Structures are given as structure tokens and as C-alpha cells.
Amino acid sequence: MGSDVHLGDIGDRNPVVTVPIERYDVLRHPRRLRILSVLMDEHFLSLSELTTELLQREDTSVSDGQARHEVRLSLVHAHLPRLADHGLVELDREAAATAASDTDTDIDTDTEPTALTVSLIDEPPLSPAILSLLLETDADAGATLLDRLVHPVRLRLLEFIGTQDGPVSVDELATVLATRLEVGPTERCEATIELHHNHLPALADIDAIAYDRRASQVSQSTEMESFL
């Protein structure tokens, strides 16, 4: 696996470690999350096998040739190249280009495009609990969750808050963010500002945390307790 920091590796700050924000941006799509979830189970699949798994997990009829074609089209033209660009999956670019060309002209479910295989290079920087939460959320709320939650600082803050026995003050959380997490600002004052004006309101808006502004205290919401 790669050297990126994974959720839950909370410890002393390592200035060498960086988590590129782009790695999280690419995960703000439910199908890409599902692709990674499938590959975390199987690790290595052909395009045909991956298409079948996605159709089953998305509750789409496998016998519907048009649905199968559309999933395949999205994989070879959009999702797999994006995941490969950010080092999450291994993809033969030449085979992918050929598969994309074949898929553009072939909607016959009995005829798969040129053989293409996909394998997982690095696990996504999401804990299994967060991945499950995002995949189990209904479509209407899912877009907001993806936008607000899939962020390196917010995910790690949420993980830390979930390890505490009770509410934690914003001051303490700012210290943790500035000194113990490998992402976010390194100055306590800057961390406090980001927490108050950015990260905490965003997490509270999706009920991931209970945020008492008046008391400057944060705790895990009851909605998140079953996942973390």
C-alpha cells in the first residue's frame, strides 16, 4: 500500500506526510466510492466483472443491456481514469482507451469490449465505517454528505472526536488539529478559526457532530455513534 495517511492513524505530527486534497476530491462521487468498495473486497476484476458487481450493488437489473452499457461507459470514460490519475487503482491506459472506443459503439450486453482489468493500488483514505455510511445514505442526502464529509481535515477530526469519552472543547480540538494531526494548519490560532468558521459548522450541518457554539464544545452526534 502507499504512504498516504489513513483515517485512524492519529499520532505525532509527521511534517513529511501530506495528504493531497485531490485524493479526496475524486472520492466525492457515489459510483467511485462503490468501485473502491468492490475492489476492496475483490482486489482484481475484469471490466465485465466490475460492471456486474456495480449493477448488483446499485440495484440495477443486470439483464438490462442499456443499463449495463451506461455503467460500462461511465467506467471507461470517467471513473476508472480519475481513480487511476490519483493512484487508487491500476489501469492499463491503452486497454482502457480501446475499451472506451469499443463501448462507444457496442451496447450488446452479450459482447463485452476489449479485455480490461482493474486492480486496487491503495485503499481509499476512508475508514470502513465512513465508507459504509456514505454508501448506505439515500441519494438525496448522499451528495451533501460527500461534499461536507469527504475532506482530509474533517474526516480525521470526526475520527478523533469519536475516540473521546465526552465533549471536547474547541480549544482542545484546535490544539489537536495543529499539533497531532498530519493535515490542516499548524498554528493553533489558525486552527481555531478554521474550526469555528469552516469545519465544525460543515460537520454539524450533516449531523456528524453536536456543536455547542455558546459553550465552544463538540461531541459526536448520536447519528454517528453507530458507524464509528
Side-chain angles (χ1 to χ4, degrees), residues 1-7 17-60 66-107 112-128 130-156 183 202 206:
M1 296 296 173
S3 60
D4 290 87
V5 176
H6 288 257
L7 196 65
V17 176
T18 58
V19 181
I21 189 69
E22 295 83 2
R23 174 67 69 87
Y24 294 84
D25 288 340
V26 78
L27 299 178
R28 293 193 180 102
H29 192 289
R31 180 160 288 169
R32 288 178 201 145
L33 289 180
R34 211 168 292 282
I35 290 168
L36 293 172
S37 178
V38 169
L39 291 175
M40 287 173 72
D41 292 338
E42 305 294 339
H43 293 287
F44 184 91
L45 290 172
S46 68
L47 177 61
S48 175
E49 292 168 334
L50 179 58
T51 301
T52 299
E53 283 287 339
L54 289 174
L55 285 165
Q56 291 174 343
R57 297 190 187 201
E58 293 177 6
D59 296 324
T60 304
Q66 183 62 37
R68 187 174 185 84
H69 175 73
E70 289 174 358
V71 170
R72 219 163 50 199
L73 200 66
S74 75
L75 289 176
V76 297
H77 279 291
H79 303 310
L80 294 180
R82 287 291 305 279
L83 290 170
D85 286 344
H86 293 284
L88 289 166
V89 303
E90 184 172 1
L91 189 67
D92 184 324
R93 298 289 182 156
E94 185 174 345
T98 302
S101 178
D102 290 347
T103 300
D104 286 340
T105 58
D106 176 23
I107 63 171
E112 294 291 347
T114 301
L116 174 66
T117 57
V118 185
S119 57
L120 191 68
I121 293 178
D122 198 3
E123 292 181 4
L126 302 169
S127 71
I130 292 294
L131 186 58
S132 295
L133 170 65
L134 294 171
L135 290 175
E136 292 173 15
T137 302
D138 65 80
D140 291 338
T144 301
L145 264 181
L146 285 169
D147 182 62
R148 302 291 177 87
L149 184 56
V150 182
H151 183 285
V153 172
R154 293 172 192 166
L155 285 168
R156 292 179 65 73
V183 293
I206 56 174

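Not measured: the values here are computed from a predicted model.
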Problem - Point-to-point distance, once rounded to the nearest 0.5 Å, from OG1 of T51 to NE2 of H69 - result: 11.0 Å
Handout entry: Inter-residue atom distance E90.CD - L39.CG, 0.5 Å rounding
Key = 11.5 Å
Exercise for the section: Report the distance from atom CG of L131 to atom CE of M40, rounding to the nearest 0.5 Å. Expected result: 6.0 Å
Practice task
Measure the shortest side-chain to side-chain distance between Y24 and L155 over non-hydrogen atoms and say whether it is less than 4.5 angstrom.
Solution key: yes
Handout entry: salt bridge (charged side-chain N to carboxylate O under 4.0 Å, His left out) partners of R154, counting only residues at least two apart
Key = none
Practice task
Would you check if the side chain of E49 reaches a backbone N or O of S46 as a donor-acceptor pair within less than 3.5 Å?
Solution key: yes
Exercise for the section: Please answer whether the main-chain N or O of L88 pairs with a side-chain N or O of H86 as donor and acceptor at a distance below 3.5 Å. Expected result: no
Practice task
Using modelled atom types only, decide if a donor and an acceptor are shared between the side chain of R28 and the backbone of V150 within a distance under 3.5 Å.
Solution key: yes
Exercise for the section: Apply the side-chain contact (heavy atoms from CB on, under 4.5 Å) test between L27 and each candidate in L146, L33, L134; give the one that qualifies. Expected result: L33
Exercise for the section: Output all residues satisfying side-chain contact (heavy atoms from CB on, under 4.5 Å) with E70, sequence neighbours left out; order by chain, then residue number. Expected result: Q66
Practice task
Measure the NE2-CD1 distance between H43 and I121 for me, rounded to the nearest 0.5 Å.
Solution key: 13.5 Å
Problem - Spatial distance of atom CG (L54) from atom OG (S74) [nearest 0.5 Å] - result: 7.5 Å
Practice task
Find out whether L47 and V118 are in side-chain contact, i.e. whether some heavy atom of one side chain is under 4.5 Å from a heavy atom of the other.
Solution key: no
Handout entry: Ion pair check, D41 and R57, cut-off under 4.0 Å
Key = yes
Exercise for the section: Rounded to the nearest 0.5 Å, what's the gap from OG1 on T52 to CG on L45? Could you check? Expected result: 9.5 Å
Problem - Polar side chain donor-acceptor pair, R31 to H79, under 3.5 angstrom - result: no
Exercise for the section: Would you check if L135 and P30 make a side-chain contact, meaning some heavy-atom pair closer than 4.5 Å? Expected result: no
Handout entry: salt bridge (charged side-chain N to carboxylate O under 4.0 Å, His left out) partners for R82, two or more places apart
Key = none
Exercise for the section: In plain terms, say whether R34 and E53 are close enough for a salt bridge, that is, a side-chain N and a carboxylate O under 4.0 Å apart. Expected result: no
Problem - Trace of the side-chain contact (heavy atoms from CB on, under 4.5 Å) decision for L36 with V89 - result: CA-CA 8 Å; L36 293 172; V89 303; 4.2 Å; yes
Fill in the blank from the handout: On a heavy-atom basis, the closest approach of D92 and L116 is O-CD1, 3.9 Å
Exercise for the section: Verify, without hydrogens or angle tests, whether R68 (side chain) and S48 (backbone) share a donor-acceptor contact under 3.5 angstrom. Expected result: yes
Problem - Shortest non-hydrogen separation from L91 to T117 and the atoms involved - result: CD1-O, 4.1 Å
Handout entry: Worked check of side-chain contact (heavy atoms from CB on, under 4.5 Å) between L75 and I35
Key = CA-CA 9 Å; L75 289 176; I35 290 168; 3.4 Å; yes
Practice task
Measure the shortest side-chain to side-chain distance between R32 and P124 over non-hydrogen atoms and say whether it is less than 4.5 angstrom.
Solution key: no
